*Asks:* 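So that we are looking at the same thing, I have put the structure below in structure tokens.
None of the values given here were measured: they were computed from a predicted structure. Worth knowing before you read on, the calculation uses all heavy atoms, side chains too, and leaves out hydrogens, waters and symmetry mates.
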Amino acid sequence: MAEAGTLSKKDGISQTTKNSESEKAISREPATRISLFGGYQTTLGNLKDILPHGMEARLAFDLPLGQGGWPALRLELGYVGFGGLPGNGTHSLTGMAWGAGPVWFLHPSRHHRGQIIGGFLVGSILARVQGPVVETQTNLLAATALLGYEYPLGPVLLFAQARGGYVADQNNPLMSAGGVMGVARPLFDN
């Protein structure tokens, strides 16, 4: 018979198993993962009256570069659209966007399951620019800064991010701010 306040071998094993399952569920190991998300942007600056808002849908891959303070490399590909619907006499900028850059995953505390993500990406948009008297295609340099929060729900992470964007143009750069919501999942089970 075990004394009060001590664990029998059986209790010690079950407690160890529970702790390891808990640690596995809150894994801090960087993982290669895929994300799918969509969001809304509000245009800032000189173009806010011409292209007042935008929508985006993107697919992202995160490739860990190391552990600790090392970032992951994020690659994004997707669709962006600003302005009115093409062809109805309004201005619009639509196209395929890609970007790459570092992202960091920060954990608020050891026992907190969620994580903060922050980073910046540089890439371009293969854009179709339309207006009442102009229609052209061009490749524009683009940059994105992001800050968000992710929380695990079963095998996936649900997340929300605040994003700021900059699309370079010699005369009128497009600056935007908004947010996205999405889901991420590791590509490989550990």
Side-chain angles (χ1 to χ4, degrees), residues 31-65 70-106 115-150 156-187:
T32 302
R33 64 187 210 162
I34 187 170
S35 303
L36 180 63
F37 56 92
Y40 177 82
Q41 299 283 319
T42 298
T43 305
L44 310 170
N46 294 339
L47 296 176
K48 67 181 174 186
D49 294 329
I50 299 170
L51 303 169
H53 53 84
M55 305 277 294
E56 64 180 318
R58 297 190 190 211
L59 182 67
F61 295 94
D62 296 318
L63 308 167
L65 299 177
W70 285 91
L73 175 63
R74 172 164 280 206
L75 306 170
E76 287 187 1
L77 178 66
Y79 172 83
V80 295
F82 283 90
L85 295 173
N88 66 359
T90 62
H91 292 86
S92 67
L93 182 145
T94 58
M96 293 300 294
W98 70 271
V103 291
W104 287 266
F105 298 97
L106 309 169
Q115 62 188 5
I116 297 167
I117 180 174
F120 58 91
L121 311 171
V122 176
S124 69
I125 298 175
L126 181 56
R128 182 176 184 187
V129 180
Q130 288 184 296
V133 294
V134 66
E135 182 174 339
T136 186
Q137 283 193 332
T138 186
N139 195 16
L140 301 169
L141 180 68
T144 301
L146 61 98
L147 180 63
Y149 181 76
E150 303 180 337
V156 299
L157 287 150
L158 300 180
F159 64 86
Q161 293 175 1
R163 288 182 157 229
Y166 181 85
V167 179
D169 180 75
Q170 187 175 7
N171 299 318
N172 288 308
L174 177 80
M175 296 176 284
S176 64
V180 298
M181 294 182 72
V183 62
R185 185 180 196 316
L187 284 177

*Asks:* Can you give each donor-acceptor pair under 3.5 Å made by side-chain atoms of residues 136-149, sequence neighbours left out, with the distance rounded to 0.1 Å?
*Replies:*
| unit_1 | atom_1 | unit_2 | atom_2 | d |
| --- | --- | --- | --- | --- |
| N139 | OD1 | S124 | OG | 3.3 |
| Y149 | OH | H112 | NE2 | 2.5 |

*Asks:* Checking Q161 now: which residues fulfil side chain to side chain donor-acceptor pair (under 3.5 Å) with it, not counting sequence neighbours?
*Replies:* R163
*Asks:* Any salt bridge (Lys or Arg N to Asp or Glu O under 4.0 Å) pairs touching residues 91-104, not counting sequence neighbours?
*Replies:* none
*Asks:* Can you tell me which residue among L59, I125, T94 is in a side-chain contact (heavy atoms from CB on, under 4.5 Å) with Y79?
*Replies:* T94
*Asks:* Can you sort out the partners of N171 under side chain to side chain donor-acceptor pair (under 3.5 Å), two or more places apart, ordered by chain and number?
*Replies:* none
*Asks:* Test side chain to side chain contact (heavy atoms under 4.5 Å, CB included) on F82 and L174 and set out the steps.
*Replies:* CA-CA 10 Å; F82 283 90; L174 177 80; 3.7 Å; yes
*Asks:* When rounded to the nearest 0.5 angstrom, what is the spacing between CZ in R185 and CZ in R33?
*Replies:* 12.0 Å
*Asks:* Can you measure from CD1 (I117) to CG (L157) and round to the nearest 0.5 angstrom?
*Replies:* 9.5 Å
*Asks:* Can you name the nearest heavy-atom pair linking A100 to L75, along with the distance?
*Replies:*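 Between these two residues, the closest heavy atoms are CB-CD2, 3.6 Å.
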*Asks:* Does atom CE of M181 have more than 12 heavy-atom neighbours from other groups under 6.0 Å away?
*Replies:* no
*Asks:* Could you check whether any side-chain heavy atom of W98 comes within less than 4.5 Å of a side-chain heavy atom of L126, counting everything from C-beta outward?
*Replies:* no
*Asks:* Which heavy atom of A97 sits nearest a heavy atom of R58, and at what distance?
*Replies:*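 Result for this residue pair: CB-NH2, 4.0 Å.
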*Asks:* Applying salt bridge (Lys or Arg N to Asp or Glu O under 4.0 Å), which residue pairs with at least one partner in residues 130-147 are found, sequence neighbours left out?
*Replies:* R128-E135
*Asks:* Measure across F159 and V183 and return the closest heavy-atom pair with its distance rounded to 0.1 Å.
*Replies:*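 It is CE2-N, 3.4 Å.
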*Asks:* Under 3.5 Å, side-chain donor or acceptor atoms of residues 35-50 against the rest of the protein: list the pairs with distances, not counting sequence neighbours.
*Replies:*
| unit_1 | atom_1 | unit_2 | atom_2 | d |
| --- | --- | --- | --- | --- |
| Q41 | OE1 | S176 | OG | 3.0 |
| Q41 | NE2 | E56 | OE2 | 3.1 |
| T43 | OG1 | L51 | O | 2.4 |

